[in-house]
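For this chain, numbers begin at 1 and follow the sequence in order. Just so it is clear, the values below take in all heavy atoms, side chains as well, and ignore hydrogens, waters and symmetry mates. From a predicted model like this one, the values you see are computed outputs, not experimental measurements.
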Amino acid sequence: MLEIESYRQAAEPLVGRRVSTVHAPDPWYAKGGTTVEQLRDVLVGVRIEATRRIGKLMLLDTDGPVLGLRFGMTGRILVDEKAPIEALEYSSDRNDPAWDRFGLSFRGGGSMMIRDPRRLGGVELDPDESRLGPDALVVTKPEFAHVLSRSPSPIKARLLDQAQVAGLGNLLVDDILYRAGLAPQRPANSLSDDELSVLYRAMRRSLSTLGRRGGSHTGDLQVERFVGGRCPSDGAELRRDTVGGRTSYWCPEHQR
Ligand SMILES: [Zn+2]
């Protein structure tokens, strides 16, 4: 999600431009009932009005439909042929135009392109924004506490659920729980008020620190994410468990 926020910022110069041509070569990349034919039909001539982001979903408001862009783990945006992030943790550093899945060209020049080697992202017209919870960068503490206190699911599963809080992925949640000193499989509704406060602060800190460092793969735990890896703060051997369906690294010594 931190990566997507940097993509959104990179896309801000598109505001005010009018689409001249649509590059939509890949039917697989059109999602949620949208077809490549629709993309080509309805987007030509529209003016980009604003860029927004909810969680991992980037939105381009236009004077026509809202265009929803998802990048998966390997997609990158190029605006006027420049990429805000050159390398992604799970992606290739090579630049192959065969990976260009969706793009727009604008009257008067310039372009936007999604380059995605593994095709894990997608494009959708008028995506259902109501299916996403409040974005993690703006969720208030009462909203956050409400989301957690209502569920006996593991904290990690709850934080990964984009309908509850939007934007937190696997690495970010492991970093947040590491900072908060909370075990990923603790039932969400077992947290005390103090623990909820600690967790909320850890989330804020994690988002700002990793955002500054350049992405969700820059957490302190990152280099220890292997079997036998050790806790950077107390040296205990990390545990590797599947929680919320995702591989989770956590410290049994200080995460309770
Ligand atoms: Zn530890």
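Asn189 and Ser151 share no donor-acceptor pair across their side chains, judged by distance under 3.5 Å alone. No side-chain N or O of Asp174 forms a donor-acceptor pair with one of Trp250 less than 3.5 Å apart.
Proximity of a side-chain donor or acceptor of Thr34 to a complementary backbone N or O of Leu125 within less than 3.5 Å is detected. For the pair Arg213 (side chain) and Thr218 (backbone), a donor-acceptor distance under 3.5 Å is present.
Within a 6.0 Å radius of CG in Asp128, more than 12 heavy atoms belonging to other residues, nucleotides or ligands are found. Applying the 6.0 Å contact sphere to CZ of Arg240 captures no more than 12 heavy atoms from other residues, nucleotides or ligands.
Partners of Arg205 under the salt bridge (Lys or Arg N to Asp or Glu O under 4.0 Å) rule, at least two apart in sequence or in another chain, do not exist in this structure. With sequence neighbours excluded, the residues forming a ring-ring contact (aromatic ring centres under 6.0 Å, His included) with Phe71 are Tyr7, listed by chain and number. By the salt bridge (Lys or Arg N to Asp or Glu O under 4.0 Å) test, Asp161 is found to be paired with no residue, residues two or more places apart in sequence or in another chain being considered. The ring-ring contact (aromatic ring centres under 6.0 Å, His included) test applied to Tyr200 returns Phe144, not counting sequence neighbours. In this view, Glu129 and Arg52 satisfy the salt bridge (Lys or Arg N to Asp or Glu O under 4.0 Å) rule, not counting sequence neighbours. In terms of the ring-ring contact (aromatic ring centres under 6.0 Å, His included) criterion, Tyr29 has no residue partners (sequence neighbours excluded).
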Output, in order, the C-alpha distance, side-chain angles, deciding distance and verdict of side-chain contact (heavy atoms from CB on, under 4.5 Å) for Val123 and Phe102. CA-CA 8 Å; Val123 178; Phe102 176 80; 3.6 Å; yes
Run the side-chain contact (heavy atoms from CB on, under 4.5 Å) test on Met1 and Asp135 for me, step by step, so that the C-alpha distance in whole Å, both residues' side-chain angles and the decisive distance to 0.1 Å come before the verdict. CA-CA 10 Å; Met1 174 265 255; Asp135 184 78; 4.1 Å; yes
Check the pair Thr51 / Leu59 against side-chain contact (heavy atoms from CB on, under 4.5 Å), numbers first and verdict last. CA-CA 6 Å; Thr51 66; Leu59 299 154; over 6 Å; no
For the pair Leu199 and Leu177, evaluate side-chain contact (heavy atoms from CB on, under 4.5 Å) and give the outcome as yes or no after the intermediate values. CA-CA 7 Å; Leu199 182 58; Leu177 294 172; 3.9 Å; yes
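Proximity of His217 to Leu210: side-chain heavy atoms (C-beta onward) are nowhere separated by under 4.5 Å.
Remark: Arg225 fails to qualify as a cation-pi partner of Tyr249 under the 6.0 Å distance and 45° angle criteria applied to the six-membered ring.
For Ser206 against Asp175, the heavy-atom pair with the smallest separation is OG-OD2, 2.6 Å.
Across Val46, Leu14, Val44, Leu67, a single residue satisfies side chain to side chain contact (heavy atoms under 4.5 Å, CB included) together with Leu104, and that is Leu67.
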